[in-house]
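This one's a predicted model, so the numbers in the text were calculated from it and none came from an experiment. Protein chains get the first letters and strands the later ones, always in sequence-line order, with residue 1 at the start of each. All values below come from the heavy atoms of this structure, side chains included, with hydrogens, waters and symmetry mates left out.
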Protein chains: 2
Amino acid sequence: MDTNEFPALDETDVAILERVERDADVNLAELAEELELSKSAVHYRLNKLKDANVITAVSADIDPLALGLNMVVITEVSVAHESGYAEDIGQSLTAIDGVFQVYYTMGDVDFVVHSRVQNRDQMNDLVDEIVTIDGVNETASKFVMRELKTSTRTVENMSEEMVRNAVDGTD
Amino acid sequence: MDTNEFPALDETDVAILERVERDADVNLAELAEELELSKSAVHYRLNKLKDANVITAVSADIDPLALGLNMVVITEVSVAHESGYAEDIGQSLTAIDGVFQVYYTMGDVDFVVHSRVQNRDQMNDLVDEIVTIDGVNETASKFVMRELKTSTRTVENMSEEMVRNAVDGTD
DNA sequence: AATGAAATCGACCAGCA
DNA sequence: TGCTGGTCGATTTCATT
């Protein structure tokens, strides 16, 4: 049963996704051979996956260090709960330069914010900017010493069981 | 002065990076026109950026929801500090199915782990698996209600100042 | 879903600043 | 070292079955 707005996927679709999320530069011929399909079949499926927004974009991955972004900070943000400003505060957080992830979470902390900056001055400015947002009550920041894994890849991190579920549609 | 192993970049390089991280499917001709450069010049620079590992990969971005991955959990992990196992524990964490980010942090918490799963059973299993790792002392998990921003894009999140620094090399 | 033809694109080259 | 313009081969794309 479809529980979401996306089309049902089969094993072949997942195989294609796994491959192109790893390296979108593969040419159709190679992909087709790997999957034992014709080039046009692969082409057809790829188009379908893009149209259905299963594939949302094809993008070049850029090493942040190449641009001097060698500091990552994790900031937990708590808001004044009387205020119904949560929505606005979320928006304000996403708009701050250097911020690359914002989550709205359950628990004593309301937002978790990840940012990437080049130096301590920028780190300071960024935390200041967060504190200044109207409705923000308290913040606590952690400095990241090492990024052991940062994999935006979807299929790559899935277990066999997850893939099976995704194909069956029995989420 | 170069403070890292990467080549110096100029404004044109950054413009190219900004464009291809947004959409790597642009053809050379279009890119060249936008930058008022020749196709071969763009080609030349792109190769250079890939060779220097400024561009680490070209990948298709896949919507996790299309595969039923509709739950994100943030887990804070503290380890027994006598043990010098931090390295091993980090490795163990990155290897767990569903885990897509692992940070080693300063402070009372040692690791921050982000995972994506399809249902509560998987969530349970995942947290269990973390607790079971040898040397792990304590864990605290937060459920993510909303992902307000998840942008792996590097240049996109940079301020003008950051770009200027990156180009000058004055990090 | 496969075939094959037409259109398009990226890779490469020699020459040049 | 980086750029230009042009050519060739490879690759995507599309109409048809």
Does [X] come within less than 4.0 Å of [Y], counting only side-chain N to carboxylate O?
X	Y	result
B:E160	B:R164	no
B:D108	A:K142	no
B:R19	B:E30	yes

With each end axis built from five pairs of C1' atoms, what bend angle do you get for the helix from C:dA1-D:dT17 to C:dA17-D:dT1? Round to 10°.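 Its terminal axes enclose an angle near 40°.
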Is there a side-chain contact between B:T154 and B:E21 (heavy atoms, below 4.5 Å)? yes
Answer yes or no: is there a donor N or O on one side and an acceptor on the other, between the side chain of A:N157 and the main chain of B:G98, under 3.5 Å? no
Under a 3.5 Å distance rule, please check whether B:T56 uses its side chain to pair with a backbone N or O of B:N53 as donor and acceptor.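 No: the side chain of B:T56 does not pair with the backbone of B:N53.
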Hydrophobic cluster membership, A:F100 vs A:V117, 4.5 Å side-chain cutoff: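 No; A:V117 is not reachable from A:F100 via cluster members.
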Any link between A:I133 and A:V102 through a network of hydrophobic side chains (Ile, Leu, Val, Met, Phe, Trp, Tyr) touching at under 4.5 Å? yes
Go through the structure and list residues passing salt bridge (charged side-chain N to carboxylate O under 4.0 Å, His left out) with B:E156, not counting sequence neighbours. B:R153
With sequence neighbours excluded, tell me which residues meet salt bridge (charged side-chain N to carboxylate O under 4.0 Å, His left out) with A:D23. none
Taking only nitrogen or oxygen atoms into account, show me every contact under 3.5 Å that the protein makes with nucleotides 15-17 of chain D, one pair per line with its distance.
none

What residues from residues 13-38 of chain A pass a heavy-atom cutoff of under 4.0 Å to DNA chain C?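 Residues of residues 13-38 of chain A that come under 4.0 Å of DNA chain C are, in numerical order, A:S38.
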Scan residues 41-50 of chain A against DNA chain C and write down, sorted by residue number, each residue with any heavy atom closer than 4.0 Å; if none is found, say none.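 By residue number: A:A41, A:R45.
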Spacing of A:K39 atom NZ relative to D:dT11 atom P, expressed in whole Å: 8 Å
B:F111 and B:Y104 aromatic ring geometry - parallel, tilted or perpendicular at 30°/60° bounds: tilted
Hey, what's the ring geometry for A:Y103 with B:H114, parallel, tilted or perpendicular (30° and 60° as the breaks)?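 Tilted: the ring planes of A:Y103 and B:H114 meet at 30° to 60°.
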